[in-house]
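Both backbone and side-chain heavy atoms feed into the values below; hydrogens, waters and symmetry mates do not. What you are looking at is a predicted structure, and each value in this text was computed from that prediction instead of being measured. Residues take their numbers from the sequence shown, with the count starting at 1.
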Amino acid sequence: MELRRSALDALLMSDPDAKAAAAQALLARAAIDPIADESPVPPADPDALPGRPARPELRDHTAVARRSPATPLGRATLLHAIAHIEFNAINLALDAVWRFGGMPRAFYGDWARVAAEEAGHFLLLRDHLRSTGHDYGDFPAHQGLWSMCQRTASDIVARMALVPRTLEARGLDATPPIQRKLRQAGTPDALAAVAILDIILREEVGHVAIGNHWYRWLCEREGLDPVAHYRVLTVRHEAPRMKPPFNAEARRRAGFSDEEMAWLASD
């Protein structure tokens, strides 16, 4: 099958496990399937994108409760929130594959790999939730990641700037403090979650690096200064402000420059 059509088909799937399996299968075909310049036709109903299960209930992010990871229910709520982020990250990567035409094959291969790895993250977290007597869908969640996907649907430069290297990069900063709290809890389920987050953090550095690479590649192609244009895009698309503390070591491994790190620290 044509790769971008396959990515759209996977994006439309509502069953989380089926979507994860389709994302992982996409990677296996990314190097050999044909890639059309013309984008596949999306569904007539824009609400069909992305396909999502009936649960979890989606709420505004201000209405989603936060709980301390010191309690079993608090840990389940926290890990559910991260699983929801990873589920949305599958959708974001699949959307990059199907939506944007005319890019080098390496672009589609990179985002197919991201989709497959995000699927792996989601499955690890879902299995963990099940081991504690919960499941994905048991708690309300928010849809903030997908809203940025919608706002950048017509601008590939903005998409690369504001999804992987902004929203997903926040995970590089947030994960170590979460791990510290889980270690303080010290229970077997909490320590198992720490190990899962080690895997996720390591692979998310690579995902952010992919975003940095293609953002700079696009800026060079279009004659844009990547640092100055990033500031324009954050205002244009109402991106959230990045707040310290920053995981400087992980961000540098993901390709953020000294100039970018200095700007973050001074913002």
Side-chain angles (χ1 to χ4, degrees), residues 4 7 30 35 37 39 85-86 88-118 144-176 200-267:
R4 297 176 65 204
I35 300 174
D37 285 340
S39 299
I85 290 170
E86 298 300 327
N88 272 279
I90 303 170
N91 290 329
L92 294 169
L94 292 171
D95 192 85
V97 175
W98 90 263
R99 187 177 296 276
F100 300 112
M103 294 292 287
R105 176 175 281 274
F107 173 88
Y108 303 103
D110 278 349
W111 289 108
R113 178 166 72 84
V114 172
E117 291 179 351
E118 302 289 17
L145 280 173
W146 187 255
S147 64
M148 181 57 75
C149 189
Q150 292 173 310
R151 294 205 292 273
T152 58
S154 61
D155 185 348
I156 187 175
V157 182
R159 173 66 64 82
M160 294 297 105
L162 300 179
V163 172
R165 67 193 307 272
T166 300
L167 298 185
E168 294 191 61
R170 293 174 78 177
L172 306 184
D173 306 324
T175 299
I200 292 174
L201 178 59
R202 182 175 65 250
E203 293 186 348
E204 291 294 347
V205 169
H207 301 174
V208 176
I210 286 170
N212 270 319
H213 167 75
W214 289 110
Y215 173 66
R216 294 195 179 103
W217 186 92
L218 287 159
C219 284
E220 182 176 356
R221 185 181 74 172
E222 299 185 19
L224 299 167
D225 177 85
V227 176
H229 192 59
Y230 178 77
R231 298 172 186 174
V232 171
L233 292 171
T234 59
V235 174
R236 181 182 299 164
H237 296 283
E238 300 177 350
R241 291 183 61 187
M242 298 295 99
K243 297 179 180 179
F246 299 113
N247 187 343
E249 188 271 335
R251 281 179 173 266
R252 290 187 188 281
R253 285 194 288 120
F256 285 92
S257 68
D258 290 343
E259 184 179 5
E260 288 167 326
M261 293 300 299
W263 180 73
L264 283 171
S266 65
D267 188 30

Listed by chain and number, what are the side chain to side chain donor-acceptor pair (under 3.5 Å) partners of [X], not counting sequence neighbours?
{"X": "Gln150", "value": "none"}
{"X": "Arg113", "value": "Glu117"}
{"X": "Glu220", "value": "none"}
{"X": "Asp258", "value": "Arg252"}

| query | Minimum heavy-atom separation for Cys219 to Pro226, with atom names? | reply |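 In this case the closest contact between Cys219 and Pro226 is SG-CA, 3.8 Å.
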
| request: Might you point out which heavy atoms bring Ala30 and Ala112 nearest each other, and give the distance in Å? | output: CB-CB, 3.9 Å

| So Met103 and Trp217, side-chain contact (heavy atoms from CB on, under 4.5 Å) or not? Walk me through it. | CA-CA 11 Å; Met103 294 292 287; Trp217 186 92; 3.6 Å; yes

| query | Taking side chain as C-beta onward, heavy atoms only, is Arg151 less than 4.5 Å from Trp146? | reply |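 No - every pair of side-chain heavy atoms lies 4.5 Å or more apart.
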
| request: For the residue pair Asp155 and His237, establish whether any side-chain heavy-atom pair is separated by less than 4.5 Å. | output: yes

| message | Restricting to side-chain contact (heavy atoms from CB on, under 4.5 Å), what partner residues turn up for Ala7, sequence neighbours left out? | response |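 Only Leu26, Leu94, Val97, Trp98 meet the side-chain contact (heavy atoms from CB on, under 4.5 Å) criterion with Ala7.
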
| task | Under the side-chain contact (heavy atoms from CB on, under 4.5 Å) rule, collect the residues that match up with Glu259, sequence neighbours excluded. | result | Val227, Ser257

Will you find, in the side chains of [X] and [Y], an N or O donor that is under 3.5 Å from an N or O acceptor?
{"X": "Arg99", "Y": "Ser39", "answer": "no"}
{"X": "His207", "Y": "Glu118", "answer": "yes"}
{"X": "Asp110", "Y": "Trp214", "answer": "yes"}

Donor-acceptor pairs under 3.5 angstrom involving side-chain atoms of residues 156-175: please list them, not counting sequence neighbours.
residue	atom	partner	partner atom	Å
Arg159	NE	Thr152	OG1	2.8
Arg159	NH1	Asp95	OD2	2.8
Arg159	NH2	Asp95	OD2	3.1
Arg159	NH2	Cys149	O	2.8
Arg165	NE	Asn212	OD1	2.6
Arg165	NH2	Asn212	OD1	3.0
Arg165	NH2	Glu260	OE2	2.4
Thr166	OG1	Ala161	O	2.8
Thr166	OG1	Tyr230	OH	2.7
Asp173	OD1	Asn247	N	2.8
Asp173	OD1	Arg251	NE	3.0
Asp173	OD2	Arg251	NE	3.3
Asp173	OD2	Arg251	NH2	2.8
Thr175	OG1	Gly171	O	2.7

| task | Using the test salt bridge (charged side-chain N to carboxylate O under 4.0 Å, His left out), find all partners of Arg231 that sit at least two apart in sequence or belong to another chain. | result |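 Salt bridge (charged side-chain N to carboxylate O under 4.0 Å, His left out) check on Arg231 returns nothing, list empty.
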
| remark: Residues at least two apart in sequence or cross-chain that pass salt bridge (charged side-chain N to carboxylate O under 4.0 Å, His left out) with Glu203, listed by chain then number, are none

| message | With rounding to the nearest 0.5 angstrom, report the CZ to CG distance, Arg4 to Asp37. | response |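 That separation rounds to 7.5 Å.
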
| Can Arg253 and Val208 be said to form a side-chain contact (heavy atoms from CB on, under 4.5 Å), step by step? | CA-CA 9 Å; Arg253 285 194 288 120; Val208 176; over 6 Å; no

